[in-house]
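Any value given below was found using the heavy atoms of this structure, including those in side chains, with hydrogens, waters and symmetry copies removed. Here is the naming used below: chain letters follow the sequence lines, and residue numbers restart at 1 for every chain.
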Amino acid sequence: MSSTIPASYSPPIRNPTKKPIQNTNLCLLLLCNHLQEAKQIHALMIKSSQISDAYSASRLTEFYAVSDNGSLKYAEKVFNSVEEPGTFIWNTLIRGSLNKKKPHKAILLYDRMLCQSIEQDHFTFTFILKACTQLLALAIGRQLHAQIVKQGLEYSGFVRNKLIHLYAICGLIIDARKLFDTSTELDIVTWNSMLEGYADNKDGESLHQLFDRMPVRDGVSWNTMIAYYVQVGDFKDAIEMFRQMQDDGERPNRVTFISVLSAVAQLGALAQGRWVHTYIGKHRIELDENLGSALINMYAKCGCLDGAIQAFHETSQKNVDTWNAMISGLAANGQSLKALKFFLKMELSGVWPNEITFSCVLNACSHGGLVEDGLRYFRKMKDVYGIEPDIAHYGCMVDLFGRAGLFDKAEEIIGKMPMKPDAVMLKALLGACRIHRNIEMGERAGLQLIELAPYDHASYVLLSNIYAMGDKWDQVHKVRKTMWERGIRKPPGCSSVELDGVVHEFVVGDITHSRKKQVYEMLDEMGERLKLAGYEPDTKQVLLDIDEEEVRQTSLGHHSEKLAIAFGFISTSPGTTVRVMKNIRVCSDCHSAIKLLSNIYNRDIIVRDSNRFHHFRNGSCSCMDYW
DNA sequence: TTAGGGTTAG
């Protein structure tokens, strides 16, 4: 539709009010798609004095307030022109404020409604309770509850469901449950509201009990369950729930796939992710910005950049999140220059970057050792885009300078920034100190880190490594002792490989896998061939390991990533890329060994550790030995 | 005139 309305324009008219519409202006309003068109009708209404008609004014307010292309400002203008606005038009304005993500405004309007003694109905309470839920405004919600009881509206299904939702989300799960149990009519939304409450409160047991008791389940019920598992980090259970959903005959939708793709990404289960991608294509589900971002993220987290780029191009509407997913995916996979190219494309496409974009861009610079570019973008974010750097951005800069060995610059940044360094920043600095053997600064940063993150095993490991590097063995033992006394343990290393949609997991010295015999035979062969290639185990790395049990296993060369690679080698045909996902950082001994293995066996090996990706090919790694 | 579910950086 053009910006003007041609007289001959008469497509079929939608009429949700089911009232006969005789008024031309209102008919046209129903066809409006753009704000500009609504404004033209608005002008016609003013000209013909139709605006003083309460029904017409309320319809126009509704368009402005509720439609995607509306404007709350104009809704208020019409509202203000009505002499005595009734409950409907007040409700519409409250609803509009919610739609435009302004719950505070909705509550202020309700307050004005009370002051002016405007009658409230169950619609008013439905909307205003939603505002309270969004704001977690429990005190106001309780007052509303009293008001609702006073007005005899407590048994209205809509109002009750909203009250259950409010109490559950605010953590008052017992109050929510009381309302649930005393409801005369339990519809699917009541069940789902309660279900979401348990999921939100991470009460898995009650969640399951309720889910099992549900007489009917719909897509929302299943999606709530899947999202719960993703939130608590049980990614395998999330996928299992998705399978059950399909067995139950419930069709997955966009929301389902966003959660499922997140689980797949965390597991690094590329085959399952590809299946989802095919399903989306087959069922013509539109790749909007959210689903597109989830898909890009999945491919990137599985180390499959071709897939990520394809998903990026297939995403119909690209917003800042879509671009961020792509840029961060490239940066994490060691494609720094490509990440910066994408940032330039983003700027050209007219999408405005946000603070996350600059985190990704600066991250790309630090991972790629691009000091000049990093400095340029750090300035640009403030000067051109008006984004004040936060702790994450300063952290990237410290990482950037640290990696390049420019410790003066790193200290200068820390001294000048308006906040104290956080654990992420100190870890980056310690990493740099390790690479450049800056023991003095490493010790200072390490002690500060332990003070800041006393329950994080990494704090102790990093400081211990720095001391070991300086041959300060007394200090190494002291740090280890403190760590043990405080009951802090390094989590066991765990690596996984996906084969035909099944994720195979290996821990250090694993003897539980059904093909363990072949895996260990392969491991022996790998050891022999590594020796022939001149590989010598990094015994210092072995000594540095904090966990005594792991030291024993490490000396045998049975680190989980090596087991996973051995399994990958025996389970796939020669030349196939082996993808390994690891829960903690890859150790430097394994890193050296895998570089050689990629050459010896002529295989691409991709290892995703807790920090970044390592693409091993022809004896070298994409991280350029810096991680 | 009305309700419920979601991810994405490091």
Side-chain angles (χ1 to χ4, degrees), chain A residues 16-17 58-59 61-62 65-66 87-96 98-99 121-130 133 156-166 168-169 187-197 199-200 218-228 230-231 253-266 288-298 300-301 319-329 331-332 339 354-364 366-367 390-393 395-396 399 422-425 427-428 610-612:
Chain A
T17 61
S58 64
R59 286 290 162 198
T61 308
E62 191 187 6
V66 181
T87 305
F88 174 89
I89 199 160
W90 276 95
N91 287 350
T92 306
L93 214 54
I94 292 176
R95 187 178 153 212
L98 279 171
N99 271 19
D121 58 13
H122 62 288
F123 288 103
T124 321
F125 288 114
T126 309
F127 299 137
I128 210 72
L129 282 170
K130 185 177 178 179
T133 309
S156 150
F158 280 84
V159 174
R160 208 174 175 83
N161 288 344
K162 279 288 174 206
L163 270 173
I164 291 173
H165 195 220
L166 170 75
I169 297 301
D187 63 17
I188 186 75
V189 181
T190 325
W191 284 92
N192 285 342
S193 299
M194 200 62 230
L195 206 64
E196 200 207 334
D200 206 66
D218 67 0
V220 175
S221 329
W222 286 101
N223 289 349
T224 304
M225 295 302 284
I226 297 169
Y228 163 77
V230 172
Q231 267 175 27
N253 64 9
R254 187 175 283 120
V255 177
T256 321
F257 286 127
I258 287 173
S259 287
V260 168
L261 284 170
S262 171
V264 168
Q266 311 267 10
D288 65 3
E289 54 267 63
N290 298 325
L291 187 54
S293 303
L295 197 62
I296 293 165
N297 176 55
M298 181 280 293
K301 286 240 162 66
N319 68 358
V320 62
D321 300 325
T322 324
W323 286 96
N324 287 353
M326 197 60 238
I327 295 168
S328 75
N354 62 15
E355 67 282 2
I356 295 172
T357 318
F358 281 99
S359 266
C360 304
V361 166
L362 294 175
N363 199 252
S366 74
H367 276 189
D390 63 24
I391 187 82
H393 302 111
C396 287
D399 194 33
D422 66 354
V424 178
M425 185 181 280
K427 281 182 192 175
S610 59
N611 207 32
R612 59 171 302 161

Exercise for the section: Classify the side chain of A:Asp218 versus the base of B:dG4 as yes if they form a donor-acceptor pair under 3.5 Å and no if they do not. Expected result: yes

Handout entry: Touch class at under 4.0 angstrom, heavy-atom based, for A:Ala392 against every strand present
Key = base

Exercise for the section: Please state whether the phosphate of B:dT2, meaning OP1 or OP2, lies under 4.0 angstrom from any side-chain nitrogen or oxygen of A:Lys162. Expected result: no

Exercise for the section: Would you mind reading off the distance between A:Leu98 atom CG and B:dA3 atom P, rounded to a whole angstrom? Expected result: 9 Å

Exercise for the section: List the steps and the verdict of side-chain contact (heavy atoms from CB on, under 4.5 Å) for A:Ser328 and A:Asn363. Expected result: CA-CA 8 Å; A:Ser328 75; A:Asn363 199 252; over 6 Å; no

Problem - N/O (side chain, A:Gln231) to phosphate O (OP1/OP2, B:dG5) under 4.0 Å - result: no

Problem - Side-chain heavy atoms of A:Thr224 within contact of A:Asn192, under 4.5 Å - result: no

Handout entry: OP1 or OP2 of B:dG4 under 4.0 Å from side-chain N/O of A:Asn161
Key = no

Fill in the blank from the handout: Scanning both residues in full, the closest heavy-atom pair of A:Ala265 with A:Met298 reads CB-CA, 3.7 Å

Practice task
Assign A:Val424 to base, sugar-phosphate, or nothing according to its heavy-atom contacts below 4.0 angstrom with the strands shown.
Solution key: nothing

Exercise for the section: Under 4.0 Å between any heavy atoms, over every strand shown, what does A:Asn297 touch: base, sugar-phosphate, or nothing? Just pick one. Expected result: sugar-phosphate

Problem - Sugar-phosphate, base or nothing in reach of A:Ser262, heavy atoms under 4.0 Å - result: sugar-phosphate

Exercise for the section: In whole angstrom, give the distance that lies between atom CG of A:Asp200 and atom P of B:dG4. Expected result: 14 Å

Exercise for the section: Determine the contact category for A:Asn324: base if any of its heavy atoms lies under 4.0 Å from a base atom, sugar-phosphate if only primed atoms, P, OP1 or OP2 are that close, otherwise nothing. Expected result: nothing

Practice task
Classify the nucleic acid contact of A:Thr126 as base, sugar-phosphate or nothing, counting any heavy atom under 4.0 Å across all strands shown.
Solution key: base

Handout entry: Spacing of A:Ile258 atom CD1 and A:Ser293 atom OG [to the nearest 0.5 Å]
Key = 8.5 Å

Problem - Side chain proximity check, A:Leu362 to A:His393, heavy atoms < 4.5 angstrom - result: yes

Exercise for the section: For residues A:Ile188 and A:Val220, determine if any side-chain heavy atom of one lies less than 4.5 Å from a side-chain heavy atom of the other. Expected result: no

Practice task
Report which part of the nucleic acid A:Lys301 touches: base, sugar-phosphate, or nothing (heavy-atom distance under 4.0 Å, all strands).
Solution key: sugar-phosphate

Problem - Centroid under 5.5 Å and tilt under 30°, A:Phe123 to B:dT2 - result: no

Problem - Sugar-phosphate, base or nothing in reach of A:Ile188, heavy atoms under 4.0 Å - result: base

Exercise for the section: Consider the side chain of A:Ile356, meaning its heavy atoms from C-beta on, and name the nucleotide among B:dT1, B:dA3, B:dA9 that approaches it most closely. Expected result: B:dA9

Problem - Under-4.0 Å side-chain N/O to phosphate OP1/OP2 contact, A:His165 with B:dG5 - result: yes

Exercise for the section: With heavy atoms under 4.0 Å as the rule, sort A:Asp422 into base, sugar-phosphate or nothing. Expected result: nothing

Practice task
Would you kindly give the CZ-to-P distance between A:Phe257 and B:dT8, to the nearest whole Å?
Solution key: 17 Å

Fill in the blank from the handout: To the nearest angstrom, the NZ-P distance between A:Lys427 and B:dG10 comes to 15 Å

Exercise for the section: Quick one: label A:Glu355 by what it contacts on the DNA or RNA (base, sugar-phosphate, nothing), any heavy atom closer than 4.0 Å. Expected result: nothing

Problem - Among B:dG4, B:dT2, B:dG6, the nucleotide that comes nearest once only the side chain of A:Val189 is considered - result: B:dG4

